[in-house]
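Just below is one structure, and these are the notes that go with it.
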Amino acid sequence: MEVADIKSGSVFDMVYEIVKQIPAGKVATYGQIARMLNNPRLSRVVGYALHVNPNPFLIPCHRVVNRFGEVSKAFAFGGENRQRHLLKDEGVEFDNLGRVILSRYLWKNS
DNA sequence: TTAATGACCTATC
DNA sequence: CGATAGGCCATTA
């Protein structure tokens, strides 16, 4: 199913649908998701959508990081430490700066 | 309808 | 590298 076909009415829902499709062991960036929505400027909205994340159990928000692979500071799911643990548990590695190696684990949707 | 908000991004110092 | 500022835009109160 194409991302472009996802039109649940609100951008938030679209974001959720996309995030749900991120496979384990991969991560996506806010800007990337925004681009998937055909609106590169929605990067902030994407973050906000996850901020008010209604279903932390259905939405793997821990697989969404910023442009540099850094985990969110205000992670409303148990702290950034929690997010790193979850990713690490999926096989995602971090560099010495504590950032996800995007060059290897960035999710590529087509 | 208006104003405020923010898990971003880019530029500048 | 860290701090600051502005812009961007959907959502909410």
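Each chain gets a letter, A, B and so on, in the order the sequences are listed, and its residues count up from 1. Bear in mind the structure is a predicted one, so any value in this text is a computation, not a measurement.
The closest side-chain heavy-atom distance from A:Leu86 to A:Arg82 is below 4.5 Å. Using a 4.5 Å cut-off on side-chain heavy atoms (C-beta onward), A:Leu87 and A:Tyr105 make no contact. Annotation: side chain of A:Val65 is not in contact with side chain of A:Glu70 (no heavy-atom distance under 4.5 Å).
To the nearest angstrom, P of B:dT5 lies 21 Å from CG of A:Leu50. Rounded to whole Å, the distance from CZ on A:Arg44 to C1' on C:dT12 is 15 Å. One interatomic measurement links the two molecules: CG of A:Leu37 to P of B:dC8, which rounds to 16 Å at whole-angstrom precision. As a whole-Å value, the separation of A:Phe12 CZ from B:dT5 C1' is 10 Å. Taking atom CD of A:Glu70 as the reference point, atom C1' of B:dC8 lies 12 Å away to the nearest angstrom. Counting to the nearest Å, the P atom of C:dA10 and the CG atom of A:Asn38 are 13 Å from each other. The distance between atom NE2 of A:His62 and atom C1' of B:dA7, rounded to the nearest whole Å, is 14 Å. One can place OH of A:Tyr48 at 14 Å from C1' of B:dC8, the figure rounded to the nearest angstrom.
Out of C:dT11, B:dA7, C:dA10, the shortest distance to the side chain of A:Ser10 is found at C:dT11. The nucleotide whose nearest atom lies closest to any side-chain atom of A:Leu42 is, among B:dA7, C:dC8, C:dC9, C:dC9. For A:Val11, the side-chain atoms get nearest to C:dT11 when compared with the rest of C:dT11, B:dC8, B:dA7.
If you take CG on A:Leu37 and CD on A:Gln32, they are separated by 10.5 Å, rounding to the nearest 0.5 Å. Taken from CZ in A:Arg67 to CZ in A:Arg99, the straight-line distance is 10.0 Å, to the nearest 0.5 Å. To the nearest 0.5 Å, atom NZ of residue A:Lys26 and atom NZ of residue A:Lys108 are 5.5 Å apart.
Stem regions annotated for DNA chain C: B:2-6 with C:9-13, B:8-13 with C:2-7, counting only runs of 3 or more consecutive pairs of Watson-Crick or G-U type with both contacts under 3.5 Å.
For the side chain to side chain contact (heavy atoms under 4.5 Å, CB included) criterion with A:Trp107, the lone passing option out of A:Ile22, A:Val64, A:Val19 is A:Ile22.
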Check your understanding: Would A:Tyr30 and A:Ser72 satisfy side chain to side chain contact (heavy atoms under 4.5 Å, CB included), going step by step from the backbone distance to the final call?
Key -> CA-CA 11 Å; A:Tyr30 299 101; A:Ser72 201; 4.1 Å; yes
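Between the A:Asn55 side chain and the A:Phe57 main chain, no donor and acceptor come within less than 3.5 Å of each other.
When heavy atoms are screened at a 4.0 angstrom cut-off, A:Arg41 is found touching the sugar-phosphate backbone but no base atom.
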Please write out each protein N/O paired with an N/O of nucleotides 9-13 of chain B under 3.5 Å, distance rounded to 0.1 Å.
| from | atom 1 | to | atom 2 | distance (Å) |
| --- | --- | --- | --- | --- |
| B:dC9 | OP1 | A:Arg67 | N | 3.2 |
| B:dC9 | OP2 | A:Arg67 | N | 3.3 |
| B:dT10 | OP2 | A:Arg67 | NE | 3.2 |

